[in-house]
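Below is one structure, written out as structure tokens; the observations come after it.
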Amino acid sequence: MNTLSVKITEDLFYIGVNDRETHLFENLWPLDNGISYNSYILTGEKTALLDTVKISKVDGFLTKIKSILNGRKLDYLVIHHMEPDHSGSIKAVLDMHPEVKLVGNKKTGEFLKAFYGIVDGFIEVNEGASLDLGDKKLDFYMTPMVHWPESMVSYERSNKVLFSQDAFGGFGALNGPIFDDEINWDFYESETRRYYSNIVGKHSRQVQTAIKKLANLDIFMICPLHGPVWRSRPQKIVELYDRWSKFDTEEGVVIVYGSMYGNTSVMAEAIARVLAEEGIKNIKLFDVSKTHVSYIINEVWKYRGLILGSCTYNNGLFPPMSHLVNLIRMNTMKNHILGIFGSYSWSGGAVKALREFAEASEFEFIDTVVEAKCAPTDGDLDGCTKIAKEMASRLKGV
Ligand code: FEO
């Protein structure tokens, strides 16, 4: 028995790898729980490797390929996505199997040349094309911008398997469990939404297009490039991606504050307390200087209410709050109710910047805005109470 790979069907194997060493995905997003770079190999009449892994994991990956092929030649390497967490080992696979044909679309070919100088042995496929593997076929569907312009998926008809690349993936290494029926979903759900909101969410419109395009396929199993293989309930991850890409938020409030000496945090706490008194059960309170924006964005994606508070720094937003606001703006998030507050000591700036952000967003805006000079007065705290009450009332639709 080959213990390095996992059999999925008679001639389909999981040969992914786990990365628990890298601190930041894309050198941006924390990987506190690691990540898997999934790869699959089909061993029917023709052999086909479906994507590779990040170059830092190439040695173990090549060992798995060698073990599964057991002397057979590799006919095809299908490249669903060119981001280097999946394309990084293509050259190493070519070195080991110079006979292999690379399969991708026009943009895949452009990236292959630009990233790795590879031009030979490339087979171009387009929307609706099929790759004949003898006893089975792979049908290709283009899913541009989920996550890059060349992103595409393939569907293997005989086993009804969708190879979905980044779509339907998530953060979190696979620590033994590989399949959705083996994992603790309570843990993976948050990590999967964090992956969605941090990496794919900006392209939610294109995710909706892809979900609609694939809706008529009879999908028995989903094999993404990160996170668990969905063999028991593939519809569950499709439903979640559908909800997240529709900005289908739920009742709850995320309060984020930037505070140098505690005065703005006092207002945040006052708002949180009143929200609790008003019956809001899901309240997430973050110090933007302490919690990485990756985790904040994940919660903002989940809950409808958002309250941002910032001290003034050099006549503008506190820099970590500015970073968060830029990310929210970049992700073109929708379906939120927004409240703002802040503080200043001599010339303002933070609340003005938050107001500009609110006006440019598609969020519902809470009319009450509080701007404290130095430390909040009783009047300012009364204003915080008003923000909280108005937020609770709108969330509950009363
Ligand atoms: Fe997992 Fe867009 O790469």
Side-chain angles (χ1 to χ4, degrees), residues 25-26 28-30 32-33 170-171 188-205 207-208 240-259 264-265 267-269 271-272 275-276 280-310 317-342 350-351 353-366 369 387-388 390-392 394-396:
F25 184 72
E26 296 179 338
L28 279 175
W29 312 104
D32 296 336
N33 298 300
F171 286 140
Y188 280 98
E189 178 165 6
S190 178
E191 280 295 84
T192 303
R193 191 182 54 250
R194 189 166 70 87
Y195 172 82
Y196 181 83
S197 57
N198 289 185
I199 309 299
V200 186
K202 175 180 169 40
H203 310 293
S204 288
R205 188 169 53 81
V207 172
Q208 277 291 303
L240 282 171
Y241 261 64
D242 187 38
R243 277 187 48 201
W244 295 335
S245 56
K246 285 175 175 162
F247 302 95
D248 186 3
T249 49
E250 44 188 277
E251 185 180 300
V253 182
V254 178
I255 307 166
V256 192
Y257 65 88
S259 183
T264 311
S265 76
M267 291 190 274
E269 296 230 4
I271 290 169
L275 283 169
I280 301 298
K281 299 290 183 207
N282 295 307
I283 302 168
K284 304 284 178 173
L285 184 53
F286 295 110
D287 179 337
V288 75
S289 300
K290 172 110 182 270
T291 304
H292 194 287
V293 285
S294 173
Y295 294 94
I296 298 175
I297 291 284
N298 182 24
E299 299 298 335
V300 173
W301 214 278
K302 182 173 184 180
Y303 295 113
R304 194 164 310 127
L306 174 62
I307 300 178
L308 301 175
S310 177
L317 276 179
F318 192 45
M321 180 60 74
S322 181
H323 180 41
L324 173 67
V325 162
N326 281 338
L327 284 172
I328 294 172
R329 189 185 287 127
M330 187 183 81
N331 280 310
T332 59
M333 291 184 189
K334 297 177 181 64
N335 200 19
H336 285 89
I337 304 162
L338 176 66
I340 62 171
F341 66 97
V351 167
L354 286 176
R355 194 187 285 277
E356 286 167 0
F357 160 70
E359 287 168 358
S361 75
E362 296 186 33
F363 301 162
E364 275 183 56
F365 187 45
I366 289 179
V369 173
I387 291 175
E390 194 172 340
M391 174 65 79
R394 291 207 197 186
L395 284 173
K396 291 179 174 299

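Every value quoted in this text rests on a predicted model; they were computed, and no experiment measured them. What you see below is based on every heavy atom in this structure, not just the backbone, and it leaves out hydrogens, waters and symmetry mates.
The structure places OG of Ser294 at 10.5 Å from CD of Glu299, a figure rounded to the nearest 0.5 Å. Taken to the nearest 0.5 Å, the CD1 atom of Ile340 stands 5.5 Å off from the CZ atom of Arg355. Between Leu306 atom CG and Ile337 atom CD1 the span is 10.5 Å, to the nearest 0.5 Å. Annotation: the span from Leu317 atom CG to His323 atom NE2 amounts to 13.0 Å, rounded to 0.5 Å. The CG atom of Leu28 sits 9.0 Å away from the CG atom of Asn198 when rounded to the nearest 0.5 Å. For the atom pair OG (Ser361) and NZ (Lys334), the distance works out to 11.0 Å, reported to the nearest 0.5 Å.
You'll find the side chain of Leu354 stays beyond 4.5 Å of the side chain of Phe341, heavy atoms only. Using a 4.5 Å cut-off on side-chain heavy atoms (C-beta onward), Val253 and Arg304 make no contact. Side-chain contact between Lys302 and Arg194: absent, with no pair of heavy atoms (C-beta onward) separated by less than 4.5 Å. Between Phe363 and Ile328, some side-chain heavy-atom pair lies under the 4.5 Å cut-off. At least one side-chain heavy atom of Tyr241 sits under 4.5 Å from a side-chain heavy atom of Val207. Under the 4.5 Å side-chain criterion, counting only non-hydrogen atoms from C-beta, Ser322 is in contact with Asn326. Between Ile255 and Leu275 the shortest side-chain heavy-atom distance falls below 4.5 Å. With a 4.5 Å cut-off on side-chain heavy atoms, Ile297 and Met333 count as touching.
Classification of Lys396 and Glu251 as a salt-bridged pair holds, one side-chain N sitting under 4.0 Å from a carboxylate O. A salt bridge links Glu250 with Arg243: the distance from a Lys NZ or Arg NE/NH1/NH2 to an Asp or Glu carboxylate oxygen falls below 4.0 Å.
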Handout entry: Residue pair Thr264, Phe318: steps toward the side chain to side chain contact (heavy atoms under 4.5 Å, CB included) verdict
Key = CA-CA 11 Å; Thr264 311; Phe318 192 45; over 6 Å; no

Handout entry: Verdict with supporting geometry, Glu359 and Phe365, side chain to side chain contact (heavy atoms under 4.5 Å, CB included)
Key = CA-CA 8 Å; Glu359 287 168 358; Phe365 187 45; 5.7 Å; no

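In this structure a side-chain-to-backbone donor-acceptor pair under 3.5 Å is missing from His336 to Glu362. Between the side chain of Thr249 and the main chain of Asn335, a donor-acceptor pair closer than 3.5 Å is present. For the pair Ser310 (side chain) and Gly258 (backbone), a donor-acceptor distance under 3.5 Å is absent. In terms of modelled atom types and a separation under 3.5 Å, the side chain of Trp301 and the main chain of Trp244 share a donor-acceptor contact.
Donor-acceptor pairing under 3.5 Å is recorded for the side chains of Asn298 and Ser190. For the residue pair Tyr196 and Ser204, a side-chain donor N or O sits within less than 3.5 Å of a side-chain acceptor on the partner.
Within 6.0 Å of CZ in Arg205 there are 12 or fewer heavy atoms belonging to other residues, nucleotides or ligands.
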